[in-house]
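This report refers to the structure that appears directly beneath it.
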Number of protein chains: 2
Amino acid sequence: MKNQIKRLATINRIQSTGLELFYQKGFYNTSLDDILKKLSLSKGAFYYHFQSKEEFFISIAQTLLFRKVYLDLIAPIEGKEDPLDTIIQCLDTNLETAENNFLDYGFILGNFITEFNGKNPEVMTYLQDILTVWEVNLVTILQKGKTDGYISRHVDSEALASFIISSYMGVRTLMVEKKNKRLRYKYIQQLRQYFKTMDSRATV
Amino acid sequence: MKNQIKRLATINRIQSTGLELFYQKGFYNTSLDDILKKLSLSKGAFYYHFQSKEEFFISIAQTLLFRKVYLDLIAPIEGKEDPLDTIIQCLDTNLETAENNFLDYGFILGNFITEFNGKNPEVMTYLQDILTVWEVNLVTILQKGKTDGYISRHVDSEALASFIISSYMGVRTLMVEKKNKRLRYKYIQQLRQYFKTMDSRATV
DNA sequence: AGGGTAACAAACTTAGAGGTCTGTTTACCA
DNA sequence: TGGTAAACAGACCTCTAAGTTTGTTACCCT
């Protein structure tokens with residue numbers, strides 16, 4: 001195996017396992033030994049590729065974390081026709097995945113924002129950046145929905161986007177308690193009802 | 001000072017400072033020395049009153065944390081006439097407080113739920129209990145609002161309560177980024193618009 | 001093919017965590 | 001007023017964390 005390729009492969013392996021454990025147990029509560037033990041790697045390997053634990057997390061945020069948020073929440077709604085319906089479908093799909101996943105620990109990006117807030121401003125900026133990409137994308141799609149005649153013109157796209165993000169982050173946090181089985185259904189039901197009032201084609 | 005009173009005073013001092021720092025920096029990221037240094041107390045004092053750091057947190061959850069959630073989010077809406085309007089007012093008041101507080105770290109209960117999820121099931125039950133009290137209270141008030149003619153009968157009280165909690169938890173997480181100045185306004189605006197569609201007295 | 005560098009292994013250092021233990025002070029009561 | 005137990009002080013222990021250093025293996029190039 002070419003060295004350059006092996007290098008990237010190792011980096012990716014460490015990052016993947018790192019993100020997995022950081023998501024499960026939190027950044028501060030996960031030790032490098034936890035990650036390296038799972039990979040049968042040594043401290044030497046880690047510090048050869050990364051400068052510090054913090055720089056390591058930032059590299060994860062910029063690659064794997066961003067990619068996950070993009071694939072899960074942004075890509076599925078890009079270029080679709082009916083924005084409101086598409087957004088509902090996308091959110092419901094994500095909630096379904098979380099619901100079926102026995103080991104779900106909430107909205108990964110939201111969890112990290114909560115964990116780093118007030119502790120590490122630098123890391124926070126990278127997390128906020130990802131959130132902003134999502135928000136901007138939502139606003140753009142909602143605006144397009146208005147010009148395309150899917151959404152009533154009186155709707156405030158930015159406010160709606162913020163509201164969607166807020167409610168989704170919150171419901172993902174609530175879903176960590178498995179007792180509340182019908183939470184996904186309740187949430188989607190309410191959101192759908194709310195969206196109905198914004199449909200310019202509706203007969204409300 | 002009577003010994004019994006002094007005992008309770010010390011316990012309360014440690015708990016108050018403990019909650020304050022746990023909220024700011026997280027439970028796992030706050031050391032007992034951090035708390036005790038701020039109070040000019042010793043390890044001996046702490047372990048005389050509490051068995052462990054975990055038991056200490058549970059005692060805080062059952063007293064101060066529960067009390068805060070109750071005073072902030074439950075008490076203000078109890079016994080009021082118009083539920084939807086009262087809820088909006090209550091949430092807006094809390095968001096205003098958070099907005100004006102230079103040192104705001106999100107919804108305290110939500111933060112702890114995020115932090116302990118998947119790490120400490122026992123602590124989680126106590127946190128969930130507090131959340132349940134809030135939820136039950138919301139449902140009760142919404143139900144009463146239906147019988148009193150304030151809320152349309154087709155409204156699903158439980159689903160709405162979950163939706164309110166979700167969105168509030170989410171928006172509090174989002175508000176940790178101070179850049180988004182108008183987030184509170186946006187959120188309240190959207191929520192008010194949503195509530196309007198449930199008002200049985202409305203002319204929608 | 002062999003020297004050189006990239007890629008790792010692993011022992012070590014240092015700092016800080018939770019928790020223990022023993023001694024000292026303070027307050028109450030007979 | 002002196003004895004006793006509650007309330008605390010603070011040194012200490014043990015473990016684990018991030019990070020360092022030195023030594024070893026694997027791969028590439030001439």
Side-chain angles (χ1 to χ4, degrees), chain A residues 1-61 112 115-116 118-123, chain B residues 1-61 112 115-116 118-123:
Chain A
M1 179 159 46
K2 288 277 188 68
N3 245 351
Q4 181 64 4
I5 293 179
K6 180 175 184 181
R7 172 189 172 81
L8 292 178
T10 303
I11 289 178
N12 209 284
R13 259 162 42 90
I14 302 179
Q15 285 178 329
S16 294
T17 303
L19 181 60
E20 183 187 336
L21 293 184
F22 288 154
Y23 173 52
Q24 285 178 22
K25 317 200 299 169
F27 174 78
Y28 293 106
N29 219 32
T30 302
S31 70
L32 296 180
D33 284 326
D34 289 339
I35 300 169
L36 297 170
K37 187 181 178 184
K38 201 169 183 182
L39 291 167
S40 298
L41 279 176
S42 66
K43 280 274 178 66
F46 179 86
Y47 280 98
Y48 178 77
H49 293 291
F50 304 100
Q51 294 179 15
S52 67
K53 192 187 179 188
E54 175 180 333
E55 187 265 346
F56 171 58
F57 182 85
I58 292 175
S59 79
I60 291 179
F112 287 137
E115 184 171 9
F116 285 105
K119 297 169 202 162
N120 195 319
E122 189 190 352
V123 170
Chain B
M1 177 160 45
K2 287 279 187 68
N3 246 352
Q4 181 66 3
I5 293 180
K6 179 175 185 181
R7 172 187 171 83
L8 294 178
T10 301
I11 289 178
N12 208 285
R13 259 162 43 89
I14 301 179
Q15 285 178 329
S16 294
T17 303
L19 181 60
E20 183 187 336
L21 292 185
F22 288 154
Y23 173 52
Q24 284 179 23
K25 315 201 299 168
F27 174 77
Y28 292 106
N29 218 31
T30 301
S31 70
L32 296 179
D33 285 327
D34 289 340
I35 300 169
L36 297 171
K37 187 180 177 185
K38 201 168 181 182
L39 291 166
S40 298
L41 280 176
S42 65
K43 280 274 179 66
F46 180 87
Y47 280 97
Y48 177 77
H49 293 291
F50 303 100
Q51 294 177 16
S52 67
K53 192 188 178 187
E54 175 180 333
E55 187 265 347
F56 170 57
F57 183 85
I58 292 175
S59 78
I60 291 180
F112 287 138
E115 184 170 10
F116 284 106
K119 296 170 204 163
N120 195 318
E122 190 190 352
V123 170

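All values derive from a computational prediction rather than experimental measurement. A, B, ... follow the sequence lines: proteins, then strands. Residue 1 opens every chain. The basis for the numbers below is simple: all heavy atoms, side chains too, and nothing from hydrogens, waters or symmetry mates.
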Sequence neighbours excluded, which residues qualify as side-chain contact (heavy atoms from CB on, under 4.5 Å) partners of [X]?
X: S42(A); result: A45(A)
X: E122(B); result: E54(B), I58(B), N120(B), Y126(B)
X: T17(A); result: L21(A), I35(A), K38(A), L39(A)
X: T10(B); result: K6(B), I14(B), L41(B), H49(B)

Check nucleotides 22-25 of chain D for protein N or O atoms closer than 3.5 Å to its own N or O atoms and list the pairs.
none

Just jot down the side chain to side chain donor-acceptor pair (under 3.5 Å) partners of S16(B), sequence neighbours excluded, or say none. N12(B)
For the pair made of [atom1] in [X] and [atom2] in [N], what is the distance, rounded to whole Å?
X: F57(B); N: dG18(C); atom1: CZ; atom2: P; value: 14 Å
X: L8(B); N: dA7(D); atom1: CG; atom2: C1'; value: 13 Å
X: I14(B); N: dC8(D); atom1: CD1; atom2: P; value: 7 Å
X: L36(B); N: dG18(C); atom1: CG; atom2: C1'; value: 11 Å
X: I11(B); N: dC8(D); atom1: CD1; atom2: C1'; value: 13 Å

Closest heavy-atom pair, S59(A) versus F50(A), reported as atoms and distance to 0.1 Å, is OG-CE2, 3.7 Å
Atom of E115(B), atom of K119(B) and distance for their closest heavy-atom approach: O-NZ, 2.8 Å
Look at the side-chain N and O atoms of [X] and state whether any lies under 4.0 Å from the OP1 or OP2 oxygen of [N].
X: T10(B); N: dA7(D); value: no
X: S31(B); N: dA17(C); value: yes
X: R7(A); N: dA6(C); value: no

Sequence-distant partners of F57(B), ring-ring contact (aromatic ring centres under 6.0 Å, His included), two or more places apart: F22(B), F27(B), F112(B), F116(B)
For DNA chain D, which residues in residues 16-28 of chain A have a heavy atom at a distance below 4.0 Å? none
So if I take residues 38-52 of chain A and measure heavy-atom distances to DNA chain D, which residues fall below 4.0 Å? K43(A), Y47(A), S52(A)
Indicate yes or no: at least one non-hydrogen side-chain atom of R7(B) is less than 4.5 angstrom from one of I11(B). yes
Check whether any side-chain heavy atom of Q15(B) lies under 4.5 Å from a side-chain heavy atom of F56(B), and answer yes or no. yes
Sequence neighbours excluded, every pair satisfying salt bridge (charged side-chain N to carboxylate O under 4.0 Å, His left out) that has a member inside residues 40-53 of chain A: D33(A)-K43(A)
Please list all pairs meeting side-chain hydrogen bond (donor to acceptor under 3.5 Å, both in side chains) that have one or both residues in residues 21-32 of chain B, counting only residues at least two apart or in different chains. Y23(B)-D104(B), K25(B)-D34(B), S31(B)-D34(B)
Report the secondary structure of DNA chain D in dot-bracket form, marking unpaired bases with a dot and bases paired to a different strand with |, and treating Watson-Crick or G-U pairs with both distances under 3.5 Å as paired. ||||||||||||||||||||||||||||||
